[in-house]
2 protein chains.
Amino acid sequence: MAERGEQVTGSGRAGLDQRRIIDAAVRFIDENGLRMLTMQRLGACLGVDGMALYRYVPGREALLDGVVEAVVDEMFSDPEVHLRAHAGWVDYLQRLAHGQRRIALAHPEVFPLVATRPPAAPWVRPPLRSLRWIESLLEVLTDAGFSDESAAAVYRAFSSFLLGYLLLEVSARGVVTGPVEEPDVAPTGDLSRYPILQRLEPHLSVDAAAGDFEQALEALLDRVALLLPRRRRPARLTEEK
Amino acid sequence: MAERGEQVTGSGRAGLDQRRIIDAAVRFIDENGLRMLTMQRLGACLGVDGMALYRYVPGREALLDGVVEAVVDEMFSDPEVHLRAHAGWVDYLQRLAHGQRRIALAHPEVFPLVATRPPAAPWVRPPLRSLRWIESLLEVLTDAGFSDESAAAVYRAFSSFLLGYLLLEVSARGVVTGPVEEPDVAPTGDLSRYPILQRLEPHLSVDAAAGDFEQALEALLDRVALLLPRRRRPARLTEEK
DNA sequence: ACCTGAACACCGTTCAAGT
DNA sequence: ACCTGAACACCGTTCAAGT
């Protein structure tokens with residue numbers, strides 16, 4: 001939206017800008033949590049009065065939409081993903097999945113917003129909320145031989161997988177989120193009424209997130225490969241296990 | 001917490017009660033959305049001034065915790081789930097999954113709260129947020145022959161599956177959530193830059209939620225069955241497809 | 001052109017006062 | 001014992017006024 005001011009990127013308080021405001025909001029949420037974000041406080045971060053932000057952002061809700069968009073679009077500049085250069089749809093989905101996971105882990109306080117903000121259209125499914133990414137995904141799939149129906153089904157399944165795993169991983173990562181420090185002396189207090197939980201607690205507390213993610217992703221890819229016409233299925237899948 | 005007042009269940013404004021307040025909050029969110037919920041308005045629903053609620057509820061955050069707990073615990077009175085009477089772990093997981101789905105669909109405005117509220121302990125994974133359900137699940141799994149590690153892994157995978165599918169299904173179900181009616185004249189406005197999206201749009205808009213859910217649940221059950229010692233695997237799985 | 005200040009309506013929350 | 005009223009600190013947002 002802002003055409004000018006592009007050359008002023010590094011300096012301190014010169015030129016308020018929609019981009020600068022959204023970026024500051026992302027950093028603020030990363031550091032202080034969503035519930036601490038206030039127009040006044042965000043303005044103070046930018047060395048400006050809170051009301052000045054309304055010149056560039058229609059309101060708080062729109063600001064949060066911008067935050068979600070900015071975080072999701074970070075994947076475009078992720079050198080590991082590389083939209084165009086991929087070795088087949090399996091490789092593409094794996095890169096996309098890992099790119100999303102890096103985003104979620106880089107912005108654990110923002111990700112619940114990515115997950116729950118009402119999408120622009122019913123077929124825009126978090127966490128892949130960008131039309132460009134959806135288009136790119138569907139293109140790769142149909143080029144690989146998936147039918148239109150199958151490509152749509154893969155997109156749905158892939159979205160559900162990413163959303164569930166990443167939201168749980170992020171929420172399990174502490175995410176204190178509380179405005180003040182809670183004592184939390186006895187979170188595992190009276191487990192006496194739950195003997196099996198008590199016995200399995202060490203197994204539950206272990207952080208298997210990365211392994212779980214890889215395994216479930218592999219299983220999903222195996223499963224959706226079955227939607228391809230027989231001869232076009234990748235060879236290396238559905239063999240190992 | 002409230003010992004008395006149990007016999008007064010039906011009538012109108014007799015006896016404010018923590019239970020009555022939380023139930024009213026659930027109904028309010030179902031009908032008006034979370035963002036409309038205010039202490040003052042909730043008080044008005046109960047024929048009382050907003051500040052009166054603070055006698056029974058420590059604050060708004062605690063009220064929301066109570067809302068999540070109440071909705072999750074609805075499954076205890078779901079006759080289709082039946083904690084004890086199940087025919088093996090597969091049947092048990094299927095009933096649990098369908099019970100959770102009924103809850104999500106019955107309270108689409110509450111479910112994002114179920115999904116994202118920070119859990120009491122890192123191993124409490126939404127949407128199964130109740131110690132009683134987690135204990136019950138782990139008991140059924142270990143009784144069925146899953147090792148402690150495997151039972152914990154199944155619990156994690158099952159939670160991720162439910163969270164992803166149900167959150168997406170609920171969020172795809174319109175969920176206007178907006179305080180005022182939005183015109184939304186052209187949500188599918190300029191799709192011209194996304195030709196594949198445009199072509200697949202009919203396939204994306206079709207509501208395949210129920211079918212997707214059943215299929216992914218089946219696939220998950222197939223997959224986790226492989227964690228069992230060979231001889232204890234159910235026969236009917238891993239055969240059809 | 002861009003930011004500031006005062007102002008408005010509305011929150012959550014506390015607490016003394018009513019009955 | 002239980003609810004009400006006034007009050008406080010803090011929101012988001014608008015708009016006229018400053019420079």
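Convention: sequence-line order gives letters A, B, ...; per-chain numbering from 1. Bear in mind the structure is a predicted one, so any value in this text is a computation, not a measurement.
Using a 4.0 Å cut-off between charged nitrogen and carboxylate oxygen, A/Arg117 and A/Glu61 count as a salt-bridge pair.
Per the geometry, CG belonging to A/Asp49 stands 15 Å off P belonging to D/dT19, to the nearest Å. A straight line from CG of B/Leu63 to P of C/dC11 spans 15 Å, rounded to a whole angstrom. Separating the CZ atom of A/Arg20 from the P atom of C/dC3 is a distance of 10 Å, rounded to the nearest angstrom. Between the C1' atom of C/dC11 and the CE atom of B/Met36 lies a distance of 13 Å, rounded to the nearest Å. Rounded to an integer number of Å, the gap from A/Leu34 CG to D/dC11 C1' is 14 Å. Across the protein-nucleic acid pair, B/Leu53 atom CG and D/dC2 atom C1' stand 13 Å apart, rounded to whole Å. If you measure from atom CG of A/Leu16 to atom P of C/dC2, you get 10 Å, rounded to the nearest angstrom.
In this structure, A/Met75 and A/Gly99 approach most closely via the heavy-atom pair SD-C, 3.6 Å.
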Would you tabulate the side-chain donor-acceptor contacts of residues 42-58 of chain A under 3.5 Å, counting partners in other chains and residues two or more places apart, or write 'none'?
none

N/O donor-acceptor pairs under 3.5 Å from side chains in residues 101-108 of chain A, not counting sequence neighbours:
residue	atom	partner	partner atom	Å
A/Arg101	NE	A/Glu169	OE1	3.0
A/Arg101	NE	A/Glu169	OE2	3.4
A/Arg101	NH2	A/Glu169	OE2	2.6
A/Arg102	NE	A/Asp78	OD2	3.0
A/Arg102	NH2	A/Asp78	OD2	3.0
A/His107	ND1	A/Asp30	OD1	3.1
A/His107	ND1	A/Asp30	OD2	2.7
A/His107	NE2	A/Glu74	OE1	3.1
A/His107	NE2	A/Glu74	OE2	2.8

Worksheet entry | Strand DNA chain D as a dot-bracket string - pairs counted if Watson-Crick or G-U with both distances under 3.5 Å, | where the partner lies in another strand | ||.|||||...|||||.||
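Listed by chain and residue number, nothing satisfies the salt bridge (charged side-chain N to carboxylate O under 4.0 Å, His left out) test with B/Glu69 (two or more places apart in sequence, or in another chain). Partners of B/Asp23 under the salt bridge (charged side-chain N to carboxylate O under 4.0 Å, His left out) rule, at least two apart in sequence or in another chain, are B/Arg19. Residues that satisfy the salt bridge (charged side-chain N to carboxylate O under 4.0 Å, His left out) test with A/Arg41, not counting sequence neighbours, are absent from this structure. Considering only residues two or more places apart in sequence or on other chains, A/Arg129 meets the salt bridge (charged side-chain N to carboxylate O under 4.0 Å, His left out) condition with none of them. Considering only residues two or more places apart in sequence or on other chains, B/Ala97 meets the side chain to side chain contact (heavy atoms under 4.5 Å, CB included) condition with B/Phe158, B/Leu162, B/Phe213, B/Leu217.
Close to C/dA1, at under 4.0 Å from its OP1 or OP2, lies no side-chain N or O of A/Tyr56. At the phosphate of D/dC10, neither OP1 nor OP2 sits under 4.0 Å from any side-chain N or O atom of A/Arg41.
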Distances under 3.5 Å between nitrogen or oxygen atoms of protein and nucleotides 12-15 of chain C:
residue	atom	partner	partner atom	Å
C/dG12	OP1	B/Arg60	NE	3.0
C/dG12	OP2	B/Thr38	OG1	3.3
C/dG12	OP2	B/Met39	N	3.1
C/dT13	OP2	B/Tyr54	OH	3.0
C/dT13	OP2	B/Arg60	N	2.8

